[in-house]
Amino acid sequence: MDYPAKISRQVAAVPRSGIRDFFDLVQGRDEVISLGVGEPDYSTPWHIREAAIYSLERGHTSYTSNLGLMSLRRRIADYVGGFFGVQYDPSCEVLVTVGVSEALDLALRALINPGHEVVYHEPCYVSYMPGTVMAHGVPVPVATRKRDDFSLKPEALADVLTPSSRVLILNFPTNPTGGIASEEDLAGIAKLCVEHDLIVISDEIYSELRYDDQAHVSIASLPGMRERTILLHGFSKAFAMTGFRLGYACAPAPLIDAMMKIHQYSMLCAPVTSQAAALEALENGAASMERMRESYHERRDFVVRRLNEIGMDCHSPGGAFYVFPDVRSFGLSSGEFAKGLLEAENVAAVPGDAFGASGEGFLRCCYATAFDQLKEALARIERYVETLESS
Ligand code: PMP
């Protein structure tokens, strides 16, 4: 059988995730400290796990409404109204999904016709390019820069917009850089979106994980933007619930309707047990979330300080749980640096080019790792860097 000929062009065109490639190298090595995987080191807070168990004990094991449990959608609308300052009608403007991953896929497939351009800032989360290609769109990355703290500058966005631009994906705070956008930049971006009639898919999965006493601002809350924004959020990061696979989209009803069509035929509904857990997270999870956030904040300060002491130039990111140090001064590509670090010192961090070509020269380190592990990882990185400098 000629299997390659049987695979759709769209799927064949998409490369495997560079993160997975790198982790194939990590497999089978003992004593590796991983700063690689982008997920919290915490288990889901116990009261949330208990809510899932209790839901099972009561025999809640059936499908829910395609949109998700009404009680959960009401809570989500309350939460989003309070936290992002944008009001959505839980009966028709909120869709509960299998993680932000599914919501992103639904949004892209609902919006794009072949040839439509999807613009996103890069380095970026690994699924934006493949998600666009698999939805028959044309990916248009806009490079962000260290000197701008990896924020998207309106001027850079304006440069790439064409009559074929349909969708802008934003992700602040950003995976992999931890970058955030100032309100001024967001306002400039919003103006361009209105002028060019773009729909914004705003992936705000890290929005609670903000540091330095800065409040998160969603582009959906800016004038004229609610009507053209699909706000994506979920429970994986702030509530340490990656394995529950629960997220949601909030948008005007016609956009949710279109996403819902795909969701109802491909997924039917998100798992009911996870929905019960999510309800508990929103009702009673604020304190545990804040404890985790404070601990990430401490770890960020420690890691940024140590990396700069070691001579790895690293900006202090305003959010998420990643740092993105610059390794260009060592005369190695980011892939060579990461591979060398793994081989010499058993520390895994992801080469920046896994997040798009503009990530080359950087390394993504996730600091959602236990403090003693972080300390040890930094000591090992220091040793590795010393060998590079003396060679
Ligand atoms: N968006 C970004 C920016 C992410 O970093 C991730 C997870 N790493 C996701 C979406 C997917 O999250 P979920 O677990 O909700 O599918």
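Quick note: numbers below take in every heavy atom, side chains included, and nothing from hydrogens, waters or symmetry partners. Indexing begins at 1, ligand by ligand and atom by atom, following the structure's order.
Considering only non-hydrogen protein atoms, atom 11 (C) of ligand 1 sits nearest to Ser101 OG, 3.4 Å. Among protein heavy atoms, the minimum distance from atom 15 (O) of ligand 1 is reached at Val100 N, 2.7 Å. When hydrogens are left out, the protein atom nearest atom 1 (N) of ligand 1 is Asp203 OD2, 2.5 Å; that is the closest non-hydrogen contact. Remark: minimum distance from atom 12 (O) of ligand 1 to any protein heavy atom is reached at Ile205 CD1, 3.2 Å. The protein atom (non-hydrogen) at minimum distance from atom 6 (C) of ligand 1 is Tyr125 CZ, 3.5 Å. In terms of protein heavy atoms, atom 7 (C) of ligand 1 is closest to Lys237 NZ, 2.9 Å.
Heavy atoms of Thr242 stay at 4.0 angstrom or farther from ligand 1. Residue contacts with ligand 1 leave out Glu102, since none of its heavy atoms falls under 4.0 Å from the ligand. Using a non-hydrogen distance threshold of 4.0 Å, Phe321 does not register as a contact of ligand 1. Residue Glu39 places no heavy atom under 4.0 Å from ligand 1. Under a 4.0 angstrom heavy-atom cut-off, Ser236 registers as being in contact with ligand 1.
Hydrophobic clustering of Ile, Leu, Val, Met, Phe, Trp and Tyr side chains at less than 4.5 Å, counting indirect connections, keeps Ile76 apart from Met267.
For the side-chain hydrogen bond (donor to acceptor under 3.5 Å, both in side chains) with Lys153, the qualifying choice from Asp148, Asp185, Asp159 is Asp185, the only one to do so. Checked against Pro173 for a side-chain contact (heavy atoms from CB on, under 4.5 Å), the options Glu204, Lys237, His216, Glu208 give a single hit: His216.
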Does the pair Glu386 and Arg383 meet the rule for a salt bridge (Lys or Arg N to Asp or Glu O under 4.0 Å), with working shown? CA-CA 5 Å; Glu386 278 165 9; Arg383 258 197 323 255; over 6 Å; no

Between Tyr120 and Thr132, is a side chain to side chain donor-acceptor pair (under 3.5 Å) present by the stated rule, with each step listed? CA-CA 10 Å; Tyr120 52 86; Thr132 299; over 6 Å; no

Given Leu341 and Ile381, is the side-chain contact (heavy atoms from CB on, under 4.5 Å) satisfied, shown in steps? CA-CA 7 Å; Leu341 178 61; Ile381 293 172; 4.0 Å; yes

Would Leu268 and Asn66 satisfy side-chain contact (heavy atoms from CB on, under 4.5 Å), going step by step from the backbone distance to the final call? CA-CA 6 Å; Leu268 216 155; Asn66 295 131; 3.6 Å; yes

Let me see the working for Glu294 and Arg291 under salt bridge (Lys or Arg N to Asp or Glu O under 4.0 Å), right down to the final yes or no. CA-CA 5 Å; Glu294 280 169 8; Arg291 267 196 302 279; over 6 Å; no

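The shortest N or O to N or O distance between Gly99 and ligand 1 is not below 3.5 Å. Note: no N/O pair closer than 3.5 Å links Tyr322 and ligand 1 by distance alone.
Counting only N and O atoms by type, the side chains of Arg29 and Asn346 include a donor and acceptor under 3.5 Å apart.
No donor-acceptor pair closer than 3.5 Å links the side chain of Arg226 to the backbone N or O of Val86.
Applying the 4.0 Å criterion to heavy atoms of Tyr128 picks out, from ligand 1, the atoms 3 (C). Using a 4.0 Å cut-off to heavy atoms of Arg245, the atoms of ligand 1 that qualify are 13 (P), 14 (O), 16 (O). Within ligand 1, counting atoms from 1 as listed, the ones closer than 4.0 Å to a heavy atom of Asn171 are 3 (C).
Counting heavy atoms closer than 4.0 Å to ligand 1, residue Tyr206 contributes side-chain atoms (C-beta onward) but none from N, CA, C or O.
Residues satisfying the side chain to side chain donor-acceptor pair (under 3.5 Å) test with Arg49, not counting sequence neighbours, are none.
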